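Everything numeric here is computed off the predicted structure, so don't read it as measured data.
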Amino acid sequence: MSDASMINIKYHAITKNGFIPPVIDTWENFKVAIILDKPTDHNLRNDCIHWLVHQPCYYVLTWGIDCELWEDWFDETLVMYNIEHEIKEKFVMTTSHQSDTANEFIDFVIRCATHPNIHLKNLLILHITNTANEKEILSKFTNYNNHKFI
């Protein structure tokens with residue numbers, strides 16, 4: 001079981017259609033929780049997922065509107081990346097949480113989303129929304145282990 005206090009957490013909101021990557025220059029081996037509060041167009045989804053495939057991201061968790069589509073798109077993009085680069089397959093865990101409550105999603109992200117081969121010490125929260133809410137979202141994730149539920 002992971003301890004949220006041992007995880008570095010970064011929040012990045014995407015409020016427009018264009019994808020601007022977050023700054024994570026010094027990060028290694030991270031997982032990403034994608035919170036989808038609004039529908040997205042093909043270009044935003046494609047740009048975001050292509051960026052993730054090229055990062056040291058080893059677990060992708062999606063929740064909200066069209067979350068299963070995002071998971072499937074990531075899986076397909078990763079397969080193509082591995083084929084195009086003729087590399088040994090990059091193994092990335094993916095899950096979508098369409099039926100989960102916010103608490104269930106956060107619980108899974110913090111306590112259950114582990115990789116069998118890599119320690120994931122960083123968490124990127126990508127929030128696809130009309131209005132960024134960094135303070136509230138970060139609070140929900142960082143306070144989870146203190147049983148301060150949403």
Side-chain angles (χ1 to χ4, degrees), residues 2 4 7-142 144 150:
S2 298
I7 299 173
N8 299 313
I9 301 175
K10 183 173 182 73
Y11 173 90
H12 183 74
I14 300 170
T15 57
K16 307 276 189 235
N17 281 337
F19 175 67
I20 299 172
V23 176
I24 56 167
D25 294 340
T26 61
W27 272 22
E28 296 177 3
N29 306 339
F30 69 92
K31 56 186 166 180
V32 61
I34 303 173
I35 301 171
L36 300 149
D37 285 345
K38 69 177 187 175
T40 56
D41 66 21
H42 168 81
N43 291 331
L44 174 62
R45 185 176 57 250
N46 192 51
D47 292 348
C48 182
I49 288 173
H50 273 80
W51 178 80
L52 283 170
V53 165
H54 289 86
Q55 301 303 311
C57 176
Y58 291 95
Y59 208 124
V60 175
L61 304 102
T62 62
W63 180 73
I65 298 169
D66 295 329
C67 66
E68 291 174 337
L69 177 64
W70 276 70
E71 179 191 16
D72 291 344
W73 195 268
F74 182 87
D75 289 340
E76 291 173 17
T77 303
L78 182 62
V79 167
M80 292 308 299
Y81 173 83
N82 290 333
I83 291 170
E84 289 171 5
H85 291 86
E86 298 179 358
I87 59 170
K88 182 179 175 187
E89 184 175 332
K90 178 181 176 184
F91 179 58
V92 179
M93 305 284 293
T94 62
T95 57
S96 61
H97 299 263
Q98 185 170 355
S99 300
D100 288 356
T101 65
N103 281 342
E104 290 168 336
F105 178 66
I106 292 169
D107 178 62
F108 193 91
V109 169
I110 297 296
R111 296 186 326 112
C112 302
T114 60
H115 193 281
N117 304 322
I118 299 169
H119 176 64
L120 302 174
K121 59 184 177 178
N122 300 299
L123 167 63
L124 173 62
I125 301 167
L126 286 181
H127 189 197
I128 316 295
T129 184
N130 288 322
T131 306
N133 199 349
E134 181 174 4
K135 184 177 179 181
E136 182 181 344
I137 299 292
L138 280 176
S139 175
K140 289 176 181 181
F141 278 85
T142 57
Y144 186 80
I150 307 167

Working to the nearest 0.5 Å, report the span between CD1 of Ile65 and CD of Gln98.
10.5 Å

Between the side chain of Tyr59 and the main-chain N/O of Thr95, is any donor-acceptor distance below 3.5 Å?
no

Rounded distance [0.5 Å steps], CG in Leu124 versus CH2 in Trp27:
5.5 Å

Between Ala113 and Leu61 the two heavy atoms that sit nearest each other are CB-CD2, 3.7 Å

State whether the side chain of Lys31 and the backbone N or O of Val109 hold a donor-acceptor pair below 3.5 Å, judged by distance alone.
yes

Can you check side chain to side chain contact (heavy atoms under 4.5 Å, CB included) on Arg45 and Leu69, steps first, answer last?
CA-CA 9 Å; Arg45 185 176 57 250; Leu69 177 64; 3.4 Å; yes

If you take all heavy atoms of Ala132 and Tyr11, which pair is closest and at what distance?
CA-OH, 3.6 Å

When you compare the side chain of Thr129 with that of Ile35, does any pair of heavy atoms fall below 4.5 Å?
no

What distance do Trp51 atom CH2 and His54 atom NE2 have between them, rounded to the nearest 0.5 Å?
12.0 Å

Start with the C-alpha gap between Ile128 and Ile34, add the side-chain angles, then the distance that decides, and say whether side chain to side chain contact (heavy atoms under 4.5 Å, CB included) holds.
CA-CA 7 Å; Ile128 316 295; Ile34 303 173; 4.3 Å; yes

Can you give me every donor-acceptor pair (side chain of residues 72-80, partner residue at least two apart or in another chain, under 3.5 Å) with its distance?
residue, atom, partner, partner atom, Å
Trp73, NE1, Asn46, OD1, 3.4
Asp75, OD1, Thr94, OG1, 2.9
Asp75, OD2, Thr94, OG1, 3.3
Thr77, OG1, Trp73, O, 2.8

Compare every heavy atom of Leu126 with every heavy atom of Pro22, then report the nearest pair and how far apart it is.
CG-CD2, 4.3 Å

Using 0.5 Å steps for rounding, measure from the CD1 atom of Ile106 to the NE2 atom of His97.
11.5 Å

Taking the inter-plane angle between the rings of Tyr58 and His115 on a 0 to 90° scale, is it parallel (under 30°), tilted (30 to 60°) or perpendicular (over 60°)?
perpendicular

Checking His12 side chain against Ile20 main chain: does a donor-acceptor pair fall under 3.5 Å?
yes

Testing the basics here: between Asn122 and Ile7, what is the closest heavy-atom pair and its distance to 0.1 Å?
C-CG2, 4.1 Å

If I take atom CD1 from residue Ile118 and atom SG from residue Cys57, how far apart are they, to the nearest 0.5 angstrom?
10.0 Å

Please evaluate residues Asp37 and Thr131 with respect to the criterion side chain to side chain contact (heavy atoms under 4.5 Å, CB included), reporting the C-alpha separation (whole Å), side-chain torsions for both, the decisive distance (0.1 Å), and the verdict.
CA-CA 9 Å; Asp37 285 345; Thr131 306; over 6 Å; no

Partner set under side-chain hydrogen bond (donor to acceptor under 3.5 Å, both in side chains) for Asn29, not counting sequence neighbours
none

After noting the C-alpha distance and the side-chain angles of Trp70 and Trp63, does the key distance pass the side chain to side chain contact (heavy atoms under 4.5 Å, CB included) rule?
CA-CA 9 Å; Trp70 276 70; Trp63 180 73; over 6 Å; no

Met93 side chain reached by Pro116 side chain, heavy atoms, under 4.5 Å:
yes

To the nearest 0.5 Å, what is the distance between CD (Glu28) and CG (Asn8)?
11.5 Å

